[in-house]
Amino acid sequence: MTYQSLRPVPLSVLADQWGAPEAHFWLRGIAPERPVAFDEQAGLWNVYGYPEAVEVFSDPAAYTSDTVPYIAPDAPEYEKSGLLTQMDPPAHRQLRQLVARAFTPRLVAGLAPRISALTHELLDQADGRGTLELVDDLAHPLPVTVIAELLGVPASDRPLFRQWSEEIFPREKVTAGGGSAGTDGGGAADGDGGSGGASGTDGGSDEVAAAFDLVRRMNEYFAAHADDRRRHPREDLLTRLVQAEVDGERLSEAALGNFAQLLLVAGHITTTMLLGNTVLCLDAHPERRAELRRDPAALPAVIEESLRLLTPFEVFYRATTRDVELGGQRVPAGQVLALWTGAANRDERVFAGPHDFVPGRDPNPHIAFGRGIHFCLGAPLARLEGRIALGILLERHPELRTDPDNPPVLMANPELTGPRTLPLLTAGLPGRAAA
């Protein structure tokens, strides 16, 4: 397919060609039988409806984010400080306020020149081949470098960061439960940055041990850098976090490490998926690509619609603290809920033509970044990276398109929607646009 054909291909058709996980029935244009359904195999409640998901996000008193005791009740004790994804008010509010004083809108906005320069540098390295592997050449190295430099850790450790990401979200992971529009579902991603997950509610002891070992290794890494900042402050986010105070209190070493790992891993994965998914949406809808070429200022709306249609983090976990009524179902206390935001973002009760790619749809209240107190702290950075990187990419390569002989492959992990590989044809060597 080329953009010159101006013939859109339904994403519901492409989902199977791209290898979308079976659990993601909504990617195939299928609506759930009911907005809330119990999955007996996984032992959890799947929430597919938009109003129901928003209700859960909006009531942390009834739906706790501290799900580990329910998902893995035999897990060993661990330090939860700094894990915004597993915290409820008031502790969550106190930590988020502290972090917000360091991770400011002004700080994020100031990254724009560096994001632009990095994008050009990475695309320069790929020039000359006539092809581009979007994930390896741009979508992964760009955000992980930005986050690493923002924190003040060596960008040369990128291979280590990618290893951690793939340990948390294995590329080939298959959910324990099946996938159907009626009852089944699988993995999870949770919280302010979309980190953490499980398949079902009975994670194996080996998986739990591996998860705790990974947390230990990551915390040791960040603890060493935090200790250096206490002795030798720099102009970076890690120093700001070390020095930040709320009510005279600073982050503990454990809290600092937990938050840094969340920001590093979840932050760059979100942008990696966002970049790839937006390119996939435009490739499947060349008429929209042509419209964007005529009006580049429409790019933010294109990104928002791609976030709705191909939601990077597909599922958030919560657990009931009391008996509740949700989506016509009585859910007892102590139950785990999987909020499938990808399905909720296609709820026809909220979105007209839910499976259509309609940039600029108004309103577009998607919940790709969560909702309420756990709204993704890194959303402004992800949007900024997406706007700058995609703008440069599409300007430098106006005929960019997928390779029919080497099609995209989506992540097999049901916790994510995004390309594992995305080979692209650049149609020659267009001249470099001005930075």
Side-chain angles (χ1 to χ4, degrees), residues 78-87 91 94-108 110-111 113-115 117-118 121 140-169 191-196 210-246 248-272 376-378 380-382 384-385:
Y78 65 101
E79 180 57 66
K80 298 180 182 178
S81 300
L83 292 175
L84 281 169
T85 59
Q86 298 178 28
M87 299 173 68
Q94 293 166 348
L95 178 60
R96 181 144 178 154
Q97 287 175 348
L98 187 153
V99 170
R101 294 187 182 185
F103 195 62
T104 63
R106 181 178 180 182
L107 177 70
V108 172
L111 295 172
R114 180 58 177 151
I115 295 170
L118 271 173
E121 289 173 15
H140 174 264
L142 172 66
V144 77
T145 300
V146 170
I147 288 287
E149 292 181 353
L150 179 62
L151 281 167
V153 296
S156 58
D157 285 343
R158 274 192 340 220
L160 177 62
F161 305 151
R162 188 162 196 171
Q163 174 189 328
W164 290 344
S165 300
E166 294 185 3
E167 287 186 54
I168 295 173
F169 300 107
D192 301 69
S195 179
F212 278 92
D213 178 67
L214 174 60
V215 170
R216 176 190 58 77
R217 286 183 278 124
M218 295 174 72
N219 278 353
E220 288 177 353
Y221 176 90
F222 286 111
H225 285 283
D227 184 60
D228 176 73
R229 294 311 185 280
R230 292 186 182 97
R231 292 180 286 109
H232 307 290
R234 303 181 191 174
E235 291 296 323
D236 56 35
L237 181 57
L238 203 52
T239 298
R240 288 172 178 245
L241 291 172
V242 165
Q243 297 176 342
E245 292 185 3
V246 170
E249 294 187 7
R250 292 186 176 181
L251 287 175
S252 67
E253 183 174 292
L256 189 64
N258 284 336
F259 177 73
Q261 63 168 280
L262 174 66
L263 183 63
L264 174 68
V265 177
H268 86 257
I269 289 178
T270 300
T271 300
T272 298
C376 179
L377 192 65
L381 177 57
L384 179 67
E385 289 173 322

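Numbers here are sequence positions counted from 1. No hydrogens, no waters, no symmetry mates; every other heavy atom, side chains included, goes into these values.
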Gap separating the CZ atom of F161 from the OG atom of S156, nearest 0.5 angstrom: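 OG of S156 is found 8.0 Å from CZ of F161.
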Distance, nearest 0.5 Å, that separates CG of N219 from CD of Q261: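 That separation rounds to 5.0 Å.
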Side chain proximity check, R234 to D228, heavy atoms < 4.5 angstrom: yes
Distance, nearest 0.5 Å, that separates CG of L151 from CD of E149: 10.5 Å
Heavy-atom pair with the smallest gap, counting every atom of L381 and L150: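 Distance-wise, the nearest heavy atoms are CD2-CD2, 4.4 Å.
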Heavy-atom pair with the smallest gap, counting every atom of L256 and L241: CD1-CB, 3.4 Å
Closest non-hydrogen atom pair, T145 against A155: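 Smallest interatomic distance, heavy atoms only, reads CG2-CB, 4.1 Å.
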Test side-chain contact (heavy atoms from CB on, under 4.5 Å) applied to L107 and R240, step by step: CA-CA 11 Å; L107 177 70; R240 288 172 178 245; 4.3 Å; yes
Minimal non-hydrogen separation, P233 against Q243, with atom names: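 For P233 versus Q243, the nearest heavy atoms are CB-NE2, 3.8 Å.
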Taking every non-hydrogen atom, the tightest pair across Y221 and P154: OH-CD, 3.5 Å
Rounded distance [0.5 Å steps], NE2 in H225 versus OG1 in T239: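 If we round to the nearest 0.5 Å, H225:NE2 and T239:OG1 are 11.5 Å apart.
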Expected output: side-chain H268 to main-chain L264 donor-acceptor under 3.5 Å: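 It does hold such a pair.
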Min side-chain heavy-atom separation T271-I147 under 4.5 Å: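 Side chain of T271 against side chain of I147, heavy atoms only: no contact under 4.5 Å found.
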Rounded distance [0.5 Å steps], CG in L384 versus CG in L111: 7.0 Å
For R229, all residues meeting salt bridge (Lys or Arg N to Asp or Glu O under 4.0 Å), sequence neighbours excluded: D236
E220, CD: over 12 other non-hydrogen atoms inside 6.0 angstrom: yes
L237 side chain near L263 side chain, heavy-atom distance below 4.5 Å: yes
Check: E385 and P380 side chains under 4.5 Å, non-hydrogen atoms: no
Pairwise distance CG(L377) to OG1(T85) - rounded to 0.5 angstrom: 12.0 Å
Plane angle bin for W164 and F222 - parallel if under 30°, tilted between 30 and 60°, otherwise perpendicular: tilted
Contacts of type salt bridge (Lys or Arg N to Asp or Glu O under 4.0 Å), residue R231, not counting sequence neighbours: D227
Ionic contact status for R217 with E167, cut-off 4.0 Å: yes
Heavy-atom check, side chain of D157 versus side chain of V153, under 4.5 Å: no
V144 and T272, any side-chain heavy atoms less than 4.5 Å apart: no
